[in-house]
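Below, all heavy atoms of this structure are taken into account, side chains as well, without hydrogens, waters or symmetry copies. Note that the coordinates shown come from a computational prediction; the quantities given were computed from them, not determined experimentally.
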Amino acid sequence: MKTVKLIIFWICLGCVGYAQELNVVVQVNASQIQTSDRRIFETLQSSMFEFINGRRWTDFTFSPTERIECSFTLVVQKHDARSNEISGSLSVQVRRPVFNSTYNSVLLNFMDKDISFRYAEYDPLQYSDGMIHNNLTAILAYYANIALGLTFNSFGKDAGLQFFDRAMDIVMRCQDLSASENEGWKSSSRNAANRYWLAENLTNGNLREVHEIYFVYHRKGMDEMHQDPSVARRAITQSLEILQRVNRQRPSLLFKQVFFDAKSEEIINIFRMGTVDEKNKLITLVRELDPANLNKYQAILD
């Protein structure tokens, strides 16, 4: 697949270019808000779309067909028309093409439950590196960098580190936001599955093997599926063994939850066609790593 080959080429050579990298479908769902005038939510959706798709996030050249596929869905739960404060949740999905197939593998399927920002109709969305203009653009820039980092990591070992560092820089700059806006940015936020801990897991030098997981899973596993499924399954098993080592080093790792939220169904489908030994080895690993879905994995033994 052209997309896969070119991204690997860019990662290896660092080619400079001038095209946007992300192709994000943006949806603002405000069905919970009782109001007759819904224009603000329409303009918010349009502004978010233009902000994240209309800017360059890297120095790499991406043609329109090679842009990274993402979905951002904001569910508005509260809207104060007097203060212009909007709060709710944001689901972020990032997908990556698999070599020599039409299949897209999900890299991230994350629900951020602590979204709060101020937005008035037609407010310009501004952002520049090293500066926080408002919480909405900080959140969007954060997830843009996470999406880039995970995608680049899946094509080249440690290739996404610069983007995770940028995401962590945004986290640190948001520590002093108002109490209503800094939820999700702090280590002590009410939801442990938050922006702080995701960035921390991806930038902690003691967890360096985290970056190898996506590279082994996708480049050595998924991209080889067309040629030799058994070799691909061994690589995917190897990626789970790496995750097992990291998880034993740091129990209750958020990255582990993030990984399986994106990958559990895919892994089950891949190993349905595996040998009995491959399936049993998988069950042993997920019994420790993803016990919540153990029954689903065990169903492949039938």
For [X] and [Y], does a side-chain donor sit closer than 3.5 Å to a side-chain acceptor?
X	Y	result
Glu181	Ser116	no
Glu50	Ser47	no
Asp158	His211	no
Asn191	Asp114	yes
Ser105	Glu266	yes
Thr237	Glu278	no
Gln27	Gln45	no
Ser128	His133	yes
Ser71	Arg95	yes
Asp277	Thr275	no

Residues, nucleotides or ligands: over 12 heavy atoms within 6.0 Å of [X] [atom1]:
X	atom1	answer
Lys113	NZ	no
Tyr127	OH	yes
Arg38	CZ	yes
Gln227	CD	no
Asp176	CG	no

Could you grab the distance from atom [atom1] of [X] to atom [atom2] of [Y], nearest 0.5 Å is fine?
X	Y	atom1	atom2	result
Glu241	Ile213	CD	CD1	11.5 Å
Phe62	Arg56	CZ	CZ	11.0 Å
Ile139	Met48	CD1	CE	9.0 Å
Phe41	Ile86	CZ	CD1	5.5 Å
Asn204	Phe255	CG	CZ	13.0 Å
Ile115	Gln77	CD1	CD	10.0 Å

Close side-chain approach of [X] to [Y], heavy-atom, < 4.5 Å:
X	Y	result
Arg245	Glu209	yes
Phe271	Leu282	yes
Ile270	Met225	yes
Leu90	Val92	yes
Gln93	Glu69	no
Leu107	His218	yes
Thr43	Asp123	no
Lys263	Tyr217	yes

Heavy-atom pair with the smallest gap, counting every atom of [X] and [Y]:
X	Y	answer
Ala199	Val171	CB-CG2, 4.0 Å
Tyr297	Ser264	OH-CB, 3.3 Å
Cys174	Asn182	O-CB, 3.9 Å
Cys70	Leu22	SG-CD2, 4.3 Å
Phe259	Ile267	CE2-CD1, 4.1 Å
Arg82	Asp80	N-OD1, 2.9 Å

Is any NZ, NE, NH1 or NH2 atom of the basic residue among Glu183 and Arg190 found under 4.0 Å from an Asp or Glu carboxylate oxygen of the other?
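Salt bridge present between Glu183 and Arg190.
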
What I want to find out is whether Arg234 reaches Glu224 closely enough, with some N-O distance under 4.0 Å, to be called a salt bridge.
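No.
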
Expected output: side-chain [X] to main-chain [Y] donor-acceptor under 3.5 Å:
X	Y	answer
Glu21	Thr58	yes
Asp290	Phe260	no
Asn201	Leu254	yes
Lys78	Gly88	no
Asn280	Val276	yes
His226	Asp223	yes
Lys157	Phe215	no

Row check, Phe155 ring normal vs Arg96 NZ/CZ: under 6.0 Å, within 45°
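Yes - Arg96 lies over the ring of Phe155, closer than 6.0 Å to its centre and within 45° of its axis.
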
Under 6.0 Å from the ring centre and within 45 degrees of the ring axis: does the NZ or CZ of Arg195 meet both conditions for the six-membered ring of Trp197?
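No cation-pi geometry.
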
Pick from Leu289, Val246, Val210: which one makes a side chain to side chain contact (heavy atoms under 4.5 Å, CB included) with Lys256?
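One option only clears the test, and that one is Leu289.
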
Hey, any chance [X] and [Y] share a hydrophobic cluster, counting ILVMFWY side chains that come within less than 4.5 Å of each other, even indirectly?
X	Y	result
Phe49	Phe51	yes
Tyr196	Ile132	yes
Val106	Val26	no

Check step by step if side-chain hydrogen bond (donor to acceptor under 3.5 Å, both in side chains) holds for Trp185 and Asn135.
CA-CA 10 Å; Trp185 293 119; Asn135 201 31; 2.8 Å; yes

Students often mix this up, so state it plainly: with edges at 30° and 60°, are the rings of Phe72 and Tyr143 parallel, tilted or perpendicular?
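If you compare the ring of Phe72 with that of Tyr143, the planes turn out perpendicular.
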
